[in-house]
Amino acid sequence: EIATLVKKYHGSLSGEHGDGRLRGEFIKQMVGDKNYELLRQIKYTWDPENIFNPNKIVDTPSMNSMLRYEPGQQVPEIKTIFHFPQQTMLQHAEQCNGSGDCRKTQLSGGTMCPSYMATRDEKDTTRARANILREFLTHSHKENRFDHKEIYEVLDLCLACKGCKSECPSNVDMAKLKMEFLQHYYDANGVPLRANMIGNYSKLSALAAIAPNVYNAMINNSFTGGMIRKFAGFAAKRSLPGLHSITLRKWFDEKWPAEKQGATGNKKVYLFCDEFTNYNDTTIGIKAVKLLHRLGYDVQMVEHPESARAYMSKGLLRKAREYAEDNVRIFSSVINENVPLLGVEPSAILSFRDEYPDLVREHLRTSAKSLAKHVYLIDEFLASEADKGHITAAQFTSDKQHIKLHGHCQQKALSSALHSKKMLSLPLNYSVEVIPSGCCGMAGSFGYEKEHYDLSMQIGEMVLFPAVRNAATGTIIAAPGTSCRHQVKDGTGVKALHPVEILYNSLV
Ligand code: SF4
Ligand code: SF4
């Protein structure tokens, strides 16, 4: 009846979004028999086999047929570890509206979806992943609806870059869905050795850090290094991250009090001693402490557990939740709007804002949400302090320097690489160019894994590696992410620096 009225008053039944399946049955009435026949002729001239989007626009069934939900259909109740605010996990997967924006190429810019950009296979889109989850979570006859190899295969190449969380028009958060899926899949099929090893990255690093030189010699020796890679299921061509001679925590507790020079500022900040900076990128952590101190901040560090990023990335969510809850408890007592928590590794510090509020149990959710408001990537903090006039160009060199910056995926999805750009632009004559790269392809452990190595390098080759190779002599490559720096080194041989190192080195 509405269609008849619309026709009578010369209106249009559809607006920005077309007719498709929903209003397709009324098109004939709207455009008339003659025009409708022309539409059919166009469709079947170009698509005689009716392959592309069949039964949309022409020959569309009635709007109350072929529905996702039939009357009386039971909606399964699926218990999840993550909290999905105001919806269920299934409803989150159902948010995918099929628009196909996740089928971008690297020429379109943005991050979503790196695996599709590389393979150009529909199976590797965010859409395919959302669809397969929806299908099995709705129709599986198993008690554990996640226990299907097919889901595992379609989700396998998701790098958990979070590109979709910000770029998909429906904000499908596939990284979160994948983490949740993996935990339930492992519940039915056991946790693979490699996932366990990667999840326990901190514990293994702590063990190796007892004798860092021995560990470094072992990973750099072709025989022992090869054995480690083989045992761990890592690619033979991938270099392994080395350990620093001292952990950041040990340096901070034992060396920093003696090394500290000059007065300590009044503004207190806490530094999150994440597991990657603590064991591998200690120099960056040290420079972060020294830079903050020189800029007039009172840097504090407390005892706290790891960020649990490695557990999360492998879907070991119950384990990750223990650490998330401890971190929320510990930092809630010292962090507030005047005392921020800062971190140098985006994947670790951004867990406080992204995953923790939905990962901790209900009794800690309010604390986790309040805490999240005062947690910053150091780049964000320094950029905002510069905006307030608390840090000025006079504190840095006036030498000329060009920098090419690759932002971290999670930083781009949850914050912005522009904070790093602003921070790096503090010295008067520093020019910063943001590389229009998406994901670097490493994505935590993804690029180490032997079956993912080639795809990882292919993703790196799309934009990032050529941009690094083509940089003019003397250009500094900046990358806040530890994985990104590792990937740049393996892909181009160039050592990228954390923005904190660059800014520290430019202090006068
Ligand atoms: S995942 Fe997002 S971008 Fe991809 S088809 Fe679905 S709604 Fe569109
Ligand atoms: S998290 Fe990244 S890789 Fe995974 S579906 Fe989203 S955009 Fe693609």
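Both counts, for ligands and for their atoms, begin at 1 and track the order of listing.
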Asker: With atoms numbered from 1 as shown, which atoms in ligand 1 lie under 4.0 angstrom from a non-hydrogen atom of Pro169?
Answerer: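 Near Pro169, the atoms of ligand 1 are 3 (S).
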
Asker: Distance to 0.1 Å, residue and atom name: give those for the protein heavy atom nearest to atom 8 (Fe) of ligand 2.
Answerer: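 Of every protein heavy atom, Cys113 SG, 2.4 Å lies nearest to atom 8 (Fe) of ligand 2.
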
Asker: Closer than 4.0 Å to some heavy atom of Met174 - which atoms of ligand 2 meet that?
Answerer: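 Heavy-atom distances to Met174 below 4.0 Å select 5 (S), 6 (Fe).
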
Asker: Taking only heavy atoms of Asn97, which atoms of ligand 1 are found under 4.0 Å from at least one of them?
Answerer: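 Listed by number with element, the hits are 6 (Fe), 7 (S), 8 (Fe).
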
Asker: In the protein, what heavy atom is nearest to atom 2 (Fe) of ligand 2, and what distance, to one decimal place, separates them?
Answerer: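 Result: Cys161 SG, 2.3 Å.
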
Asker: For the residue pair His402 / Thr475, report whether a side-chain donor-acceptor contact shorter than 3.5 Å exists.
Answerer: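 No donor-acceptor contact under 3.5 Å links the two side chains.
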
Asker: In terms of the angle between their ring planes, are Phe381 and Tyr376 parallel, tilted or perpendicular, with boundaries placed at 30° and 60°?
Answerer: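 Taking Tyr376 first and then Phe381, their aromatic rings sit tilted (interplane angle of 30° to 60°).
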
Asker: Would you mind checking which non-hydrogen protein atom is closest to atom 6 (Fe) of ligand 1, with the distance to 0.1 Å?
Answerer: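 For atom 6 (Fe) of ligand 1, the nearest protein heavy atom comes out as Cys96 SG, 2.4 Å.
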
Asker: To check you understand the geometry: which heavy-atom pair defines the closest contact between Ser415 and Arg353, and what is its length?
Answerer: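 What the structure gives for the nearest pair is CB-NH2, 3.7 Å.
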
Asker: Under 2.8 Å from atom 2 (Fe) of ligand 2, can any N, O or S atom of Cys164 be found?
Answerer: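 No, outside the cut-off.
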
Asker: Test your reading of the model: is there a side-chain donor-acceptor pair from Asn171 to the backbone of Lys165, 3.5 Å cut-off?
Answerer: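 Answer holds: yes.
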
Asker: Stepwise, does the ring pair (Phe, Tyr, Trp, His ring centres under 6.0 Å) test hold for Phe146 with Phe136?
Answerer: CA-CA 7 Å; Phe146 297 90; Phe136 279 102; over 10 Å; no

Asker: What about Tyr453 and Tyr448, are their ring centers closer than 6.0 Å?
Answerer: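 No, too far apart.
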
Asker: Please could you name the atoms of ligand 2 that Lys162 approaches to less than 4.0 Å, counting only its heavy atoms?
Answerer: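 Those qualifying, in numeric order: 1 (S), 2 (Fe).
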
Asker: As an exercise, identify every atom of ligand 1 less than 4.0 angstrom from a heavy atom of Cys102.
Answerer: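 The list of qualifying atoms is 1 (S), 3 (S), 4 (Fe), 5 (S).
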
Asker: What is the nearest protein non-hydrogen atom to atom 4 (Fe) of ligand 2, stated with its residue, atom name and distance?
Answerer: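 That would be Cys158 SG, 2.4 Å.
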
Asker: Are the ring centres of Tyr201 and Tyr279 closer than 6.0 Å?
Answerer: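 For Tyr201 and Tyr279, the ring centres are not under 6.0 Å apart.
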
Asker: Is the gap between the ring centers of Tyr152 and Tyr185 under 6.0 Å?
Answerer: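 Here the rings of Tyr185 and Tyr152 have centres that are less than 6.0 Å from each other.
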
Asker: With a cut-off of 4.0 Å, which atoms of ligand 1 are near a heavy atom of Gly100?
Answerer: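 Atoms satisfying the 4.0 Å criterion: 5 (S), 8 (Fe).
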
Asker: Rounded to the nearest 0.5 Å, how far does CD of Gln411 lie from SG of Cys484?
Answerer: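 Nearest 0.5 Å value for the SG-CD distance: 8.5 Å.
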
Asker: Please could you name the atoms of ligand 2 that Ala160 approaches to less than 4.0 Å, counting only its heavy atoms?
Answerer: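 So the answer, numbered in order with elements, is 1 (S), 4 (Fe).
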
Asker: Any N/O/S atom, side chain or main chain, of Thr126 closer to atom 8 (Fe) of ligand 1 than 2.8 Å?
Answerer: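 It does not: Thr126 brings no N, O or S atom closer than 2.8 Å to atom 8 (Fe) of ligand 1.
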
Asker: Look at atom 3 (S) of ligand 2 and say which protein heavy atom is nearest, naming residue and atom and giving the distance to 0.1 Å.
Answerer: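 Atom 3 (S) of ligand 2 sits closest to the protein heavy atom Leu159 N, 3.2 Å.
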
Asker: Quick one: does Asn53's side chain get under 4.5 Å of Lys56's, heavy atoms only?
Answerer: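 In short, these two side chains touch, coming nearer than 4.5 Å.
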
Asker: Please report which non-hydrogen protein atom sits nearest to atom 5 (S) of ligand 2, along with the residue it belongs to and the distance in Å to one decimal place.
Answerer: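 Result: Arg129 NH1, 3.2 Å.
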
Asker: Can you list the atoms of ligand 1 that are under 4.0 Å from a heavy atom of Gly98?
Answerer: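 Counting from 1, the qualifying ligand atoms are 5 (S), 6 (Fe).
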
